[in-house]
Amino acid sequence: MAKHPVQVIAVTGGKGGVGKSNVSVNLSIGLAELGRRVVLLDADLGLANIDILLGLSSNRTIEDVLQGECDLADIMLTGPGGIRIVPASSGTQRLSQLNSMEHAGLIQAFSDLGDDIDVLVVDTAAGISDSVMSFVRAAQEVILVVTDEPTSITDAYAQIKLLNRDYGLFRFRVVANMVKSPQEGNALFNKLTKVTDRFLDVAMQYVGAVPQDDAVRRAVQRQKAVLDAYPRSKAATAFRALAKKVDAWPLPSSPRGHLEFFVDRLVQEAGA
Ligand SMILES: Nc1ncnc2c1ncn2[C@@H]1O[C@H](COP(=O)(O)OP(=O)(O)OP(=O)(O)O)[C@@H](O)[C@H]1O
Ligand SMILES: [Mg+2]
C-alpha cells in the first residue's frame with residue numbers, strides 16, 4: 001500500500017452533461033503539468049467515457065484485475081501529460097459491490113501501484129445512484145460541477161443534502177462551468193450557498209469558473225482534451241488555474257489520506 005498521502009478527488013454534480021468528465025480530464029492533465037502523478041478513474045459507464053473523450057481504447061478492464069488475470073497497471077491507458085486512466089467498464093461500476101475475495105483483490109491491485117501516485121481523480125456518472133454516492137463518499141475532496149441552470153443547481157443541492165445527511169460529508173468544493181463571465185460564476189456559487197446555508201450545516205468552497213468556450217466542444221469532437229488540443233484557449237487557461245488551486249489544497253493526513261482507505265470506504269459501506 002502506498003505509504004505517502006494520496007489526494008482522492010471525486011468530480012460529481014448530480015446533473016448530466018454539466019461538464020464533469022471534461023473537468024476531470026483537464027484537471028488531471030493540469031495537475032500532471034504541475035508535476036503530480038495522476039490516475040483518473042472513470043467511474044461512469046455512460047456514453048461519454050473518458051477513453052472515448054480522449055480517443056483511447058482498451059481491451060482489458062478492471063474486471064480482469066478483479067479476476068486476478070492482470071494488474072491495474074496492465075489495464076491503465078496513458079493520456080495527455082502522462083496521466084494514467086483506469087477505463088470505465090462494468091467492473092468499475094461493480095467496484096462498490098464486491099465480494100470479499102474481490103475486495104482483497106482490489107486492495108492488492110491498488111497497493112501494486114505503490115508509491116507511484118499522488119492524486120486519484122474519480123469521474124462519476126450523473127445522478128445520485130448508490131454507485132455514484134459510494135465513489136463520492138470514499139473520496140477526501142468532492143468537486144461539484146454546476147452550470148447556471150435551475151436544474152443543475154437543484155440537482156447539486158439534492159446531492160449535497162444526501163451526502164451530508166446520509167454520509168456525513170460536510171465540505172464541498174464548487175466549479176462553475178460554461179459561464180459567460182467570472183461574475184456569473186460567483187453569482188452561481190452564491191445561489192447555491194444561499195440554499196445550503198439556509199437548510200444545511202455544510203462548508204461550501206468555491207474553486208473557480210470555466211468559461212463557455214467553443215474550444216471545449218471542438219476538442220471533444222476531435223477526441224482530445226482542450227488543454228492538449230487548444231492549450232491557449234480560454235477554457236484551457238481556466239482549467240490550468242483550477243489545477244493550480246487544487247494543487248495547493250492541503251494534503252490529507254492519515255488514515256484518510258491513503259488509497260487503502262479509499263478502497264475500504266468504497267467497498268465496505270456500499271449501500272449503507
Ligand atoms: N466549458 C465548456 N464550454 C463549452 N462546452 C462545454 C464546456 N464544458 C462542457 N462542454 C460541452 O458539454 C458536453 C458535456 O460535457 P461532459 O461530457 O464533460 O459532461 P458530463 O457532466 O461528464 O456528462 P455526463 O453526465 O453525460 O457524464 C461536452 O461534450 C462539451 O461539448
Ligand atoms: Mg461524464
Side-chain angles (χ1 to χ4, degrees), residues 9-30 40-56 77 79-80 83 85-89 92-93 121-129 131-133 135-136 139 142-160 172-186 188-189 192 206-243:
I9 305 169
V11 179
T12 191
K15 189 175 186 297
V18 291
K20 300 177 293 295
S21 298
N22 275 282
V23 168
S24 301
V25 165
N26 290 290
L27 175 64
S28 296
I29 299 169
L40 172 54
L41 174 64
D42 187 354
D44 181 9
L45 255 185
L47 290 176
N49 289 142
I50 302 278
D51 40 345
I52 293 169
L53 272 180
L54 294 177
L56 304 167
L77 303 167
I83 64 166
I85 297 142
V86 180
S89 70
T92 319
Q93 208 79 345
V121 175
V122 184
D123 178 29
T124 71
I128 47 172
S129 65
S131 166
V132 167
M133 295 313 243
F135 281 108
V136 174
V142 180
I143 295 181
L144 291 144
V145 180
V146 290
T147 60
D148 197 8
E149 303 157 277
T151 44
S152 171
I153 296 174
T154 49
D155 284 8
Y157 175 73
Q159 190 178 22
I160 292 167
F172 301 90
R173 316 261 193 182
V174 175
V175 168
N177 190 24
M178 304 193 221
V179 300
K180 285 167 199 75
S181 67
Q183 292 77 7
E184 186 184 305
N186 284 302
L188 176 51
F189 178 68
L192 184 59
Y206 188 50
V207 194
V210 179
Q212 167 78 42
D213 182 349
D214 196 54
V216 178
R217 192 187 52 79
R218 280 181 282 138
V220 170
Q221 250 166 8
R222 289 176 56 194
Q223 291 189 287
K224 284 182 184 291
V226 72
L227 216 58
D228 188 28
Y230 304 103
R232 279 181 294 277
S233 63
K234 283 184 177 167
T237 306
F239 279 125
R240 271 202 211 90
L242 285 187

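For ligands, and for the atoms within them, numbers begin at 1 and follow the listed sequence.
- Coordination check, Asn49 versus the Mg ion (ligand 2): failed, since every N/O/S atom of the residue sits at 2.8 Å or beyond.
- Contact of the Ile85 side chain with the Asp51 side chain is not registered, since no non-hydrogen atoms from C-beta on lie closer than 4.5 Å.
- The N/O atoms of Val18, backbone and side chain alike, include one that comes under 3.5 Å of an N/O atom in ligand 1.
- For ligand 1, the atoms lying closer than 4.0 Å to a non-hydrogen atom of Ala126 are 25 (O).
- Inclusion of Arg217 in the set of residues having an N or O under 3.5 Å from an N or O of ligand 1 is not warranted.
- Counting heavy atoms from C-beta on, the side chains of Ile128 and Met133 come closer than 4.5 Å.
- Which parts of ligand 1 touch Pro211 is read off a 4.0 Å heavy-atom cut-off, strictly below it: atoms 1 (N), 2 (C), 3 (N).
- By the 4.5 Å heavy-atom criterion applied to side chains, Leu77 and Pro87 are counted as neighbours.
- Nearest to atom 2 (C) of ligand 1 by heavy atom, out of Val216, Asn22, Ile52, is Val216.
- Contact atoms of ligand 1 toward Gly16: 25 (O) (distance under 4.0 Å to a heavy atom of the residue).
- Taking only nitrogen or oxygen atoms, main chain and side chain alike, Lys20 reaches within less than 3.5 Å of ligand 1.
- The closest approach between Gly17 and ligand 1 falls below 4.0 Å for a heavy atom of the residue.
- Shown in contact with Asp44 at under 4.0 Å from a heavy atom are these atoms of ligand 1, numbered in order with element: 27 (O).
- In the model, Thr147 has no side-chain atom that pairs as donor or acceptor with a side-chain atom of Asn177 under 3.5 Å.
- Under the 4.5 Å side-chain criterion, counting only non-hydrogen atoms from C-beta, Phe189 is not in contact with Glu184.
- Annotation: side chain of Gln159 is in contact with side chain of Thr12 (closest heavy-atom distance under 4.5 Å).
- Ligand 1 has no nitrogen or oxygen under 3.5 angstrom from a nitrogen or oxygen of Thr124.
- In this structure the side chain of Val226 never reaches within 4.5 angstrom of the side chain of Asp213, judged on heavy atoms.
- An N or O contact shorter than 3.5 Å is missing between Leu53 and ligand 1 by distance.
- Put simply, the side chain of Asn26 gets close to the backbone of Asn22: a donor and an acceptor are under 3.5 Å apart.
- Under 4.0 Å from ligand 1, not a single heavy atom of Ala235 appears.
- If you number the atoms of ligand 1 from 1 as listed, the ones under 4.0 Å from a heavy atom of Asn177 come out as 1 (N), 2 (C), 7 (C), 8 (N), 9 (C).
- Interface of Val210 with ligand 1, defined as ligand atoms under 4.0 Å from a residue heavy atom, comprises 1 (N).
- Proximity of Val210 to Val175: side-chain heavy atoms (C-beta onward) are separated by under 4.5 Å at one or more points.
- Closest to atom 4 (C) of ligand 1 by heavy atom, among Asp213, Thr12, Val226, Asp214, is Asp213.
- A 4.5 Å side-chain heavy-atom check between Val122 and Val11 finds every atom pair outside the cut-off.
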